[in-house]
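As the structure is a prediction and not an experimental result, all values here were calculated from the model. Just the heavy atoms: all of them, side chains too, but no hydrogens, waters or symmetry mates, feed the values below. Proteins come first, then strands; the chains are lettered A, B, ... in the order of their sequence lines, and each starts at number 1.
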Amino acid sequence: MQLFKSQVVRVTNSLSGKKEVFNPIKAGYIGMYVCGPTVYSNVHLGNCRTFMSFDMIYRYFKHLGFKVRYVRNITDAGHLENDADEGEDKIAKKAKLEQIEPMEVVQRYTVDFHNTLQQFNFLPPSIEPTATGHIIEQIEIIKDILAKGFAYEVNGSVYFDVVKFNETNEYGKLSGRKLEDMIANTRALAAQDEKKNPQDFALWKKAEPQHIMRWPSPWGDGFPGWHLECTAMSTKYLGETFDIHGGGMDLKFPHHECEIAQAEASNQKSPVNYWLHANMLTLNGKKMSKSTGNNLYPSEIFSGDNNLLSKPYSPAVVRFFMLQAHYTSILDLSDDALLASEKGYSRLMEALGNLESLVATKKGEFDIEAWRNNCYKAMNDDFNTPILISHLFEAVKHINLIKENKERISESDKELLQKTIHEFIFDVLGIENQSAMEGDSNTLSGVVELLIELRNSARINKDFATSDKIRDELIALGIQLKDGKEGTTFSIN
RNA sequence: GGCAUCGUGGCCGAGUGGCUAGGCACAGCUCUGCAAAAGCUUGUACAGCGGUUCGAAUCCGCUCGAUGCCUCCA
């Protein structure tokens, strides 16, 4: 199945600021790089949103039949804390704080990262390279940039010469900045700085004697700079120019801008055709952030152990909630919004169950082909999952009508509907049916069936006190009975 | 201060020059022993002020407000 031959996908390219038709370099193949996490603390929900956006994009491309190589790195060498603290990196700082090895910190939070993403039903990337595993590649790139005259060495550190680069290239084209403006707005400080200009950034930093994470290099012992690892790993696994580079909006400047500069300095060509940026998840109207403490961990949502939400929410509900907003829009998390999503999610899953038992008769009024095309149209338009979901609810409405014999469906239409709805919900959106996973297989459903029988006989005998007691006690336990034309069913919340 | 984005009905959230996504909540109706579930119906919202246009929430300008980046951050 090579759906991509008939489906034209348009994406918002940050480089042009416009929606563009997506054309891969090699037909049928896609190279996609996404900036992964820095593993010095637990991933928070905001991080998850970005990775979820690209998980969805990865899933859709795969669904269309593309062969996708999806590379998402693990930053375990640590970015610099700031210019003032003598280049101590984050991993090392945390390690000292907790009196353990840096790689132990990395291991702990890498495991947490993977566990969390698994709960959200993320597909693993094709390659998940680490920064520490690519020190040699990074050193090679630095040598190359030095040789080409776009970097300079000072006291065992190497800096990228932004001003020099800007003479022949355009520094700031991704984020819409002009170097002259940036220089004009620079605060006059950092007197002891080794850099020629404040805009210059480190490719290699000399390690102070107490610095734990260090590697030998032509410039002495040290560690790689902020932005180099992504250039090294994306080039190694995807080539000098590849299709898609993704990441959070907050990485646009300076991180991605620097990646472009590094790659152009060493290869003389633009590294990426389509830059995609996922927008922020906010909490109380403010960006979630590790440094400010305005954040929520996934585990706190799943357990309900937090001060912000009235109840726990499952990973599938949170995923559904996030996909109800477009990935380029800011999304604000609140209890009301999650509550609404949870109900919508349940209704969707309920309909999915009803679909299986639908009796096919003859051609009905629901045009499945047209509906299916609309689903693709929504996804082709810059992965518009909110619109896709609105179409899914359109189908829900028809499923329920058919169930109540108010509409008909033919056998072939039913099969197409089932196939399509499963593909979009499970394969593309990656939403799991949690109630189906928990219920059914155990003894609970048998017990509920028994109670339904008892209640029905009570109702026949007009013993409503008993029948209502059964119904009300069950609802108190989170089991809802649903009286329909074909008998009584139930759902477990 | 510089650069950018956003401001949609009770809440969340799409859309984008005319045909008013969707979810949740609310109300009425159908169904029901009563409910719930499900279905149907109703809500004419696009920060404010000007302008362009036959026509703007959608384009342009200004004002106000919010957010993001400019320092590690998804």
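- Under 3.5 Å, the side chain of A:Asn279 and the base of B:A74 form no donor-acceptor pair of N or O atoms.
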Strictly under 4.0 angstrom, non-hydrogen atoms only: write out the protein contact profile of nucleotides 40-47 of chain B, one letter per nucleotide from the 5' end, B, S or -. S-------
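- Residue A:Ala278 is out of contact with every strand shown, counting any heavy-atom pair closer than 4.0 Å.
- Nearest to the side chain of A:Thr50, among B:A74, B:C34, B:A14, sits B:A74.
- Where A:Ala340 and A:Ser329 each meet RNA chain B at their nearest nucleotide, the meeting point lying more 5' is that of A:Ser329.
- Side-chain N/O atoms of A:Ser175 and A:Glu257 include a donor and acceptor closer than 3.5 Å.
- A salt bridge is absent between A:Arg372 and A:Asp367; no separation between the charged side-chain nitrogens and carboxylate oxygens falls under 4.0 Å.
- Closest to the A:Pro386 side chain, of the nucleotides B:C72, B:A37, B:A21, is B:A21.
- Base pairing annotation: B:U71 forms no Watson-Crick or G-U wobble pair, as no partner gives both donor-acceptor distances under 3.5 Å.
- Using modelled atom types and a 3.5 Å distance limit, the side chains of A:Asp76 and A:Thr132 yield a donor-acceptor pair.
- Of the candidates B:A14, B:C34, B:G39, B:G39 carries the atom nearest the A:Glu404 side chain, counting heavy atoms from C-beta on.
- Among the protein residues, A:Arg177 comes within range of the nucleic acid bases, having at least one heavy atom under 4.0 Å from a base atom.
- Relative orientation of the A:Tyr376 and A:Tyr60 rings is tilted, given thresholds of 30° and 60° on the angle between their planes.
- The residues A:Arg319 and A:Asp55 are annotated as salt-bridged, a charged nitrogen and a carboxylate oxygen being separated by less than 4.0 angstrom.
- No contact: A:Asp472 has no heavy atom under 4.0 Å from any strand.
- In this structure, B:C19 forms no base pair with any nucleotide, since neither Watson-Crick nor G-U wobble geometry is met with both distances under 3.5 Å.
- Between B:C34, B:A21, B:C69, one nucleotide has an atom nearer to the side chain of A:Ile387 than all others, and that is B:A21.
- Comparing the P positions of B:G65 and B:G22 gives an interatomic distance of 35 Å, to the nearest angstrom.
- Among the atoms of the strands shown, none is found under 4.0 Å from any heavy atom of A:Gly484.
- Toward the 5' end of RNA chain B, the nearer of the two residues A:Asp468 and A:Asn400, judged by each one's closest nucleotide, is A:Asp468.
- As rounded to whole Å, 11 Å separates atom P of B:A36 from atom CD1 of A:Ile475.
- Phosphate contact (OP1/OP2 of B:G39, side-chain N/O of A:Arg347, threshold under 4.0 Å): present.
- A 3.5 Å limit on both hydrogen-bonding distances identifies no Watson-Crick or G-U partner for B:A25.
- Of all nucleotides present, only B:G7 satisfies the Watson-Crick or G-U wobble test against B:C64, with each distance under 3.5 Å.
- Distance check on atom P: B:C12 versus B:U20 gives 24 Å, rounded to whole Å.
- In summary, A:Asp468 and A:Arg459 do not engage in a salt bridge, as defined by a charged side-chain N under 4.0 Å from a carboxylate O.
- Base engagement by A:Gly46 is indicated by at least one non-hydrogen atom pair under 4.0 Å involving a base atom.
- At the heavy-atom level, A:Leu281 lies under 4.0 Å from base atoms of the strands shown.
- Here A:Lys343 lies in heavy-atom contact (under 4.0 Å) with sugar-phosphate atoms only.
- In this structure, A:Leu331 reaches the sugar-phosphate backbone alone: every heavy-atom distance under 4.0 Å involves primed, P, OP1 or OP2 atoms, never a base.
- When heavy atoms are screened at a 4.0 angstrom cut-off, A:His44 is found touching base atoms of the nucleic acid.
- Backbone-only engagement by A:Lys286 is indicated by non-hydrogen atom pairs under 4.0 Å involving sugar-phosphate atoms exclusively.
- Ring planes of A:Trp226 and A:Phe201: perpendicular class, angle over 60° (limits at 30 and 60°).
- Residue ring and nucleobase are stacked for A:Phe464 and B:G33, with a centre distance beneath 5.5 angstrom and an angle between planes beneath 30°.
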